[in-house]
Colleague: 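One structure coming up, written as structure tokens, with questions to follow.
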2 protein chains.
Amino acid sequence: MKSEKISELTTSRLSVYLRCLNQLAADGERTVSSEGLAKKFHLNSAQIRKDLAYFGEFGVRGVGYYVDELRDHLTKILGLDRPHNLTIVGAGRLGTALADYYRAAQSNFAVAAMFDADPAKIGTLVGKVEVFDIKNFPEIAERYNIDVAVIAVPAEFAPAVLQQITVSGIKAIMNFAPVPLKAPENVKLKTVDLTISLEGLAYFLAQPSPQNGQRR
Amino acid sequence: MKSEKISELTTSRLSVYLRCLNQLAADGERTVSSEGLAKKFHLNSAQIRKDLAYFGEFGVRGVGYYVDELRDHLTKILGLDRPHNLTIVGAGRLGTALADYYRAAQSNFAVAAMFDADPAKIGTLVGKVEVFDIKNFPEIAERYNIDVAVIAVPAEFAPAVLQQITVSGIKAIMNFAPVPLKAPENVKLKTVDLTISLEGLAYFLAQPSPQNGQRR
DNA sequence: CCTCGCTAGTTCAATTTTTCACAAATAGCC
DNA sequence: GGCTATTTGTGAAAAATTGAACTAGCGAGG
């Protein structure tokens with residue numbers, strides 16, 4: 001166990017490992033080796049061991065990892081051992097779908113509030129979550145103790161929304177607007193661009209290399 | 001211009017560049033330098049030049065890049081100069097939201113068909129797109145000339161769906177199910193895991209480093 | 001026509017990330 | 001109790017990615 005700073009690639013793999021462990025636990029497995037995990041989930045065993053070793057010595061040589069124990073460790077490392085209050089800014093199709101998605105996914109993220117600028121949407125409920133006026137963001141965010149915000153507004157409004165979120169002191173933001181945003185120093189901003197991912201597929205299809213009869 | 005194989009990191013940046021160029025074009029800019037692009041969109045100019053250089057010499061020294069021209073090049077490189085027919089498997093909340101999202105985003109991806117296993121959903125319309133029985137996937141995919149499939153079903157069904165998609169000869173797949181999948185050799189599979197992205201934020205919040213008074 | 005300023009393309013160095021390979025450690029067995 | 005099967009944790013090599021520095025080419029202005 002070192003005390004270097006951990007790469008984001010590593011931490012997102014930790015999430016994957018946690019998923020895998022959950023499945024193993026559901027299947028009744030008590031222990032698993034890095035090699036076993038790797039085989040079953042198409043991962044690399046050396047990488048699993050190294051990723052885990054950044055945080056401690058969780059395994060037992062000759063045995064592997066105790067599924068439940070490692071699961072607890074990862075849960076704690078990822079900060080999933082306590083609840084998070086989420087807000088989704090933008091109550092359009094994507095925003096409401098995300099709200100439903102995160103609500104359904106049983107997890108430690110609770111969708112506590114939504115925001116929009118459209119008077120027709122303000123005051124309505126999405127699931128059981130109220131849609132508030134974006135103008136009141138700071139106050140409502142405070143009231144609901146929001147610690148994670150999701151941006152699901154059209155690209156042109158995203159910078160302004162980001163601004164409002166950061167001035168409210170929220171430090172973790174996930175952005176679905178297809179625009180490059182820049183967050184202040186101590187704020188974590190992750191952008192997931194649904195279009196870019198698709199374009200990566202288009203690029204792949206445009207390559208001559210897979211010269212088999214793929215559909216176009 | 002080399003003829004190495006291009007990294008996925010590079011190609012996804014090309015998508016970003018294309019976005020930026022579209023905005024510049026909308027703003028009426030005729031030319032832009034790598035430095036100008038970098039400054040404006042929080043990128044690295046050397047990386048821009050290098051990424052572009054993999055595909056040709058698109059710039060003019062002393063001037064920069066002609067916005068329209070570079071846009072055309074990138075569009076072609078990314079295979080966006082011809083239409084793609086998309087299908088979304090899973091007509092639940094996420095699937096329908098994605099269908100709406102991709103339909104609204106004016107792009108070369110047309111949502112041509114949706115699939116589900118639920119008899120209550122089969123035959124209904126999402127937007128103007130029909131939901132078909134997943135059992136008929138190969139036939140319908142053929143009929144609509146589908147070349148990209150999106151998996152938006154619960155994790156436990158994802159492997160079976162992937163199987164059905166690949167046997168139909170579709171080579172480009174985007175997966176939203178939170179489960180590690182393994183695609184055949186010549187098939188491009190991209191997984192976007194909405195939960196993992198959130199967990200990355202939770203990890204960030206769990207770190208002691210940003211020792212300011214963030215909300216928890 | 002030459003010079004100067006600017007900027008692309010390219011090479012090279014630095015950094016990051018992945019992978020390999022092995023010593024150290026543990027449990028089970030004889 | 002020692003031996004053997006495993007399997008971790010890790011140091012070092014390899015690969016990939018990024019970033020900086022340099023070279024060469026273009027256009028404008030005199």
Colleague: Check the chi torsion on dA8(C) and let me know: syn if it falls within 90° of 0, anti if not.
Modeller: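 Anti conformation here, the glycosidic angle of dA8(C) being more than 90° from 0.
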Colleague: Watson-Crick or G-U wobble partner for dA5(D), using a 3.5 Å limit on both distances?
Modeller: none
Colleague: Quick one: is dT7(C) close enough that its OP1 or OP2 comes under 4.0 Å of any side-chain N or O from Ser34(B)?
Modeller: no
Colleague: Indicate yes or no for a side-chain donor-acceptor contact from Asn85(B) to the backbone of Ala112(B) under 3.5 Å, with no hydrogens or angles considered.
Modeller: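 Such a contact is absent between Asn85(B) side chain and Ala112(B) backbone.
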Colleague: Say whether, by atom type as modelled, one donor and one acceptor occur between the side chain of Tyr102(A) and the main chain of Leu194(B) under 3.5 angstrom.
Modeller: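 Side chain of Tyr102(A) to backbone of Leu194(B): a pair is present.
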Colleague: Under 4.0 Å from OP1 or OP2 of dT18(C): is there any side-chain N or O of Arg13(A) that close?
Modeller: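 Yes, Arg13(A) has a side-chain N/O under 4.0 Å of OP1/OP2 on dT18(C).
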Colleague: Given dT7(C), dT8(D), dT18(D), identify the nucleotide with an atom nearest to the side chain of Gln47(B).
Modeller: dT18(D)
Colleague: Of the listed nucleotides (dA27(C), dT17(D), dT8(D)), which one gets closest to any side-chain atom of Arg49(A)?
Modeller: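 Between dA27(C), dT17(D), dT8(D), the one nearest the side chain of Arg49(A) would be dT8(D).
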Colleague: According to side-chain contact (heavy atoms from CB on, under 4.5 Å), who are the partners of Thr195(A), at least two apart in sequence or on a separate chain?
Modeller: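 Partners of Thr195(A) under the side-chain contact (heavy atoms from CB on, under 4.5 Å) test: Asp193(A), Glu199(A), Arg19(B), Tyr101(B).
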Colleague: Looking at the side chain of Glu57(A), which of dA20(D), dT10(D), dT16(C) is the nearest nucleotide?
Modeller: dT10(D)
Colleague: Counting only side-chain heavy atoms from C-beta out, which of dT19(C), dT17(C), dA24(D) sits nearest to Arg61(B)?
Modeller: dA24(D)
Colleague: Searching all strands shown, indicate the nucleotide that pairs with dT26(C) (Watson-Crick or G-U wobble; both distances under 3.5 Å).
Modeller: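 With both distances under 3.5 Å required, dT26(C) matches none.
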Colleague: Any base atoms under 4.0 Å from Leu9(B), or only sugar-phosphate, or nothing? Heavy atoms, all strands.
Modeller: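 Counting heavy atoms under 4.0 Å across all strands, the contact made by Leu9(B) is with sugar-phosphate only.
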Colleague: Using atom types as modelled and distance alone, determine if a side-chain donor or acceptor of Asn175(A) lies under 3.5 Å from a backbone N or O of Lys190(A).
Modeller: no
Colleague: What is the nucleic acid contact for Thr10(A), judged by heavy atoms within less than 4.0 Å: base, sugar-phosphate only, or nothing?
Modeller: nothing
Colleague: Under 4.0 Å from OP1 or OP2 of dG9(D): is there any side-chain N or O of Tyr65(A) that close?
Modeller: yes
Colleague: When you measure only distances, ignoring hydrogens and angles, does the side chain of Lys50(A) come within 3.5 Å of the base of dT10(D) through a donor and an acceptor?
Modeller: no
Colleague: Base, sugar-phosphate, or nothing for Gly59(B), non-hydrogen atoms under 4.0 angstrom?
Modeller: sugar-phosphate
Colleague: Between Lys188(A) and Met174(A), does the side chain to side chain contact (heavy atoms under 4.5 Å, CB included) criterion hold? Intermediate values first, please.
Modeller: CA-CA 8 Å; Lys188(A) 185 71 162 190; Met174(A) 176 136 187; over 6 Å; no
